[in-house]
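The structure appears right after this line, and notes come after that.
The sequence lines fix the lettering, A, B, ..., with proteins before strands; numbering per chain opens at 1. The basis for the numbers below is simple: all heavy atoms, side chains too, and nothing from hydrogens, waters or symmetry mates.
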Amino acid sequence: MNQNESLITSNSFSNLSIKRIRELLPIARFRRELLYLIENHQVTVVIGSTGCGKSTQLTQYLYESGWAESGKCIACTEPRKVVVKSLAQRVAEEMGCTLGEECGYGMSFESCTSKTTKVKYITDGLLLQEMFIDPLLTQYSVIMLDEVHERTIATDLLLCLLKKILKQRSDLRIIVASATLDAEKLEEYFKVDQLSCTTFHLESRLFPVDVFYLSTPTENYLENAIEVCSSINKTAPADDDILVFLSGRAEIDECVKRLETASLRNIGSAPQMVALPLYSGLTLDEQMRVFQKVEQGSRKVVFATNIAEASISVEGITYVIDCGYEKVRVYNPYNRSTALVKTSISQASADQRAGRAGRTKPGKCFRLYTEAAFSALKAKSSPELTHSDLIQPLLFLKAMGIKNIVNLSFLDNPPTVQFMAALEELYFLGALDEMGHLTRPLGYSMAEFPLHPRLSKTLLTAAKFGCVQEVLNICSILTITTNLFIKRSSAEYFNSFYKFAVEEGDLLTQLNAFHAYLKQKRESRWCSNHCLNAQSLLQAEQVQQRLQQYLRKFGVYATSRKPTDKTNILKCFLASHYSYVAKRQRNGSYKTPEGLNVYIDKDSVLHEQTPTWIMYYEAETIGEKTYAKVVSVIEGAWLRDYYDEKKNTTGAA
DNA sequence: GAGCACTGC
């Protein structure tokens, strides 16, 4: 895995000094001008594509010209951890310091900073979290938001809150760095609030990429993809690798198979093609295969999802083939379900994909759609905030003292119905009162937990039910995954699954597996033998330790009654998942209070059971049907008890 | 009664 600008490694320029390499970057010529603009404007928008040096150089320019004096620090945010770490390593090297001294980084579970740190790379999410301790972010003199075009929820929230902070801190400078984004929109966003803002365009140092389109639309782009691969293979030198963007796992597996067949037929006449899949569902080791060298005279063909668009950059790609589609997770606020929807990509995204071909020399991009179809694509992808569950972002904003959320200005405002759904649920959870004000201490504590508010509420009520340790463990699991088991063959899966299965359902089954893992002291062979995902289990354990620290901070101690009553654990979850219940219908489906029909997910221990009432953690729509995941059996009587209690407490108000 | 984009606190 490699990051954009760490592409310039000291190895490839070993005969040049670091100082000289820095001077050769396109951004170097504009050093004085950029510093002048930043000095004289509160916000500077810097537009420049991958490789222009903005992420590694701007921070150093600021440091060298004294912005980190008087105890302040220069921050640069990134949406992903790998990038935070590799940038910090690179810059520490350029600055000639040990990582963690003058240049350091911060991310969850792994921070590397000290009192002397002046340049700090940090995940956008962690910078938000720092606002609980220091709401005005006073330790920073300059904050650079990088990769703003990706429009992650955290970056959008930072834009929103930094605008407020700037009004109180005239000494603070913001740099908004983006590859593609209309600068006018950003300038307007800040200028509406009377903040001084300017834009600077940087040239890129990428190589040109020729783009080709289909002359007529295709019925089956998988077929086209294989054809294009074969025709490239006939003419191009064997070490020109191919990267194919597809929408998902099924398409990728299909193409890998087809290319292997096609390549076998080719023997003797053209280079052997080695098909490699790349998507996040693969284990880390499987993903790493795309970085291995293939045999001399063979050609690498990587079939990838969006993961190759920003997260993982495969080096040595000369040809990109782009199907024009991606899968997006879309939240439905009307019934609180999510769906994975296959949609056309944006023009910005198509260009980003094409750019993957021009990293080391001129490249070519074959788009498996017509030029007219490209023109019809929307210019930008829709920001994450506009199609996501807003419960957590909204609670965070409330905790930051934003009273009237609806009047808040985002770069793109989410639909009102999403706000209403989130407000309603936060009220139900007790994080907000009737007036929509944050409750204290409950609402504030819930916000501070690095968990979905539904889980933080469950955890904060667990003491009442005498099951803190169990709920803590379940929340840790759910933060990482909805299923700790790996599906190899279904026989193996179910064999292992049923060793841990309990009749109460998936929450307690997953908990059983986690407890067994903790007893085994992280034995990875044991995990594998039991079809358990070792990676997820380890991450869940880390989360558990972190959550434990938060609990201590709030004075909740992880004690449990012994033996713990399973019923209490489920009742504790029910108290915060009241809208996530469903009753069995005659046709075998289940109906939620909101009228949504759900079916029990195939991965569930309850898949072939028929309890009258179920509670679930999330609902996922696939095609025409919606499936309840992480399902537990509950009793109708619990719901009545719960409803009566709720009526007594809120009815008095 | 089916199929699983990608991050992050």
Q: Assign each of A/I600 and A/Y279 to its nearest nucleotide of DNA chain B by heavy atoms, then name whichever residue's nucleotide is nearer the 5' end.
A: A/I600
Q. Under 4.0 angstrom, heavy atoms only, what part of the nucleic acid is A/D124 near: base, sugar-phosphate, or nothing?
A. nothing
Q.
In whole Å, I'd like the distance from the CG atom of A/N597 to the P atom of B/dA2.
A. 15 Å
Q. For A/R329, which contact category applies under a 4.0 Å heavy-atom criterion: base, sugar-phosphate, or nothing?
A. base
Q) So, is A/T123 near the phosphate of B/dC9, with a side-chain N or O under 4.0 Å from OP1 or OP2? A) yes
Q) Checking all strands, does A/E326 fall into the base, sugar-phosphate, or nothing category for heavy-atom contacts under 4.0 angstrom? A) nothing
Q: Starting from P on B/dC6, measure out to CD on A/Q287 and report it in whole angstrom.
A: 8 Å
Q. Would A/Y627 count as stacked on B/dA2 if the rule is ring centres under 5.5 Å and plane angle under 30°?
A. yes
Q: Would you mind reading off the distance between A/Y105 atom OH and B/dC9 atom P, rounded to a whole angstrom?
A: 12 Å
Q.
Classify A/I307 by what it touches in the nucleic acid, base, sugar-phosphate, or nothing, heavy-atom distance under 4.0 Å.
A. sugar-phosphate
Q. Are A/R336 and A/E594 close enough for a salt bridge, meaning some N to O gap below 4.0 Å?
A. yes
Q) A/E620 CD to B/dA2 C1': how many Å, rounded? A) 10 Å
**Q.** Distance-minimising heavy-atom pair for A/Y616 and A/K629
**A.** CB-O, 3.6 Å
Q: Give A/I153 one of three labels, base, sugar-phosphate or nothing, depending on what nucleic acid heavy atoms sit under 4.0 Å from its own.
A: nothing
Q: Return the value, rounded to whole Å, for the distance between atom OH of A/Y590 and atom C1' of B/dG1.
A: 13 Å
**Q.** From B/dG3, B/dA5, B/dC9, nucleotide with atom closest to A/L340 side chain
**A.** B/dA5
Q. Per the side-chain contact (heavy atoms from CB on, under 4.5 Å) rule, which among A/T305, A/I307, A/I312 passes with A/S280?
A. A/I307
Q. According to a strict under-4.0 Å criterion, is A/K81 in side-chain N/O contact with OP1 or OP2 of B/dC9?
A. yes
Q: Flag the pair A/W613 / A/V633 as yes when at least one side-chain heavy-atom distance between them is below 4.5 Å, and no otherwise.
A: no
Q: Could you please name the option among B/dT7, B/dC4, B/dG1 that lies closest to any side-chain atom of A/K327?
A: B/dC4
Q) With a non-hydrogen cut-off below 4.0 angstrom, is A/E309 in contact with a base, only sugar-phosphate, or nothing? A) nothing
Q | Closest listed nucleotide, where the reference is the side chain of A/S311 and the choices are B/dC9, B/dA5, B/dT7 | A | B/dT7
Q. Counting only side-chain N and O atoms of A/S108, is one of them less than 4.0 Å from OP1 or OP2 of B/dC9?
A. yes
Q.
When you measure from the side-chain N and O atoms of A/K602 to the phosphate of B/dG1, is any distance below 4.0 Å, counting only OP1 and OP2?
A. no
Q) Given side chains that start at C-beta, do those of A/Q548 and A/L472 come closer than 4.5 Å, heavy atoms only? A) yes
Q | Per A/I622 side chain, nearest of listed nucleotides B/dT7, B/dC9, B/dG3 | A | B/dG3
Q: Please work out if A/H607 contacts a base, only the sugar-phosphate, or nothing of the nucleic acid, heavy-atom cut-off 4.0 Å.
A: base
Q: With the side chain counted from C-beta on, respond yes when A/Q549 and A/Q545 share a heavy-atom pair under 4.5 Å apart, and no when they do not.
A: no
Q) What's the CG-C1' distance between A/L455 and B/dG8, to the nearest Å? A) 15 Å
Q: Tell me whether B/dC4 sits syn or anti, counting syn as a glycosidic angle within 90° of 0.
A: syn
Q. A/L126 near the nucleic acid: base, sugar-phosphate alone, or nothing, with a heavy-atom cut-off under 4.0 Å?
A. sugar-phosphate
Q) Whole Å only: how far is the CG atom of A/L451 from the C1' atom of B/dG8? A) 13 Å
Q. Roughly how many Å is it from CZ in A/R546 to P in B/dC9, rounded to a whole number?
A. 7 Å
(Q) If the cut-off is 4.0 Å, is A/S280 near the phosphate of B/dC6, judged by side-chain N/O to OP1 or OP2? (A) yes
Q) Counting side-chain heavy atoms from C-beta on, which of B/dA5, B/dG8, B/dC9 comes nearest to A/R80? A) B/dG8
Q) If each of A/K625 and A/P450 is mapped to the nucleotide of DNA chain B with the nearest heavy atom, which maps nearer the 5' terminus, i.e. the 5' end? A) A/K625
Q. Do A/Y279 and A/F303 have their ring centres less than 6.0 Å from each other?
A. no
Q) B/dG1 phosphate, OP1 or OP2: any side-chain N/O from A/S589 under 4.0 angstrom? A) no
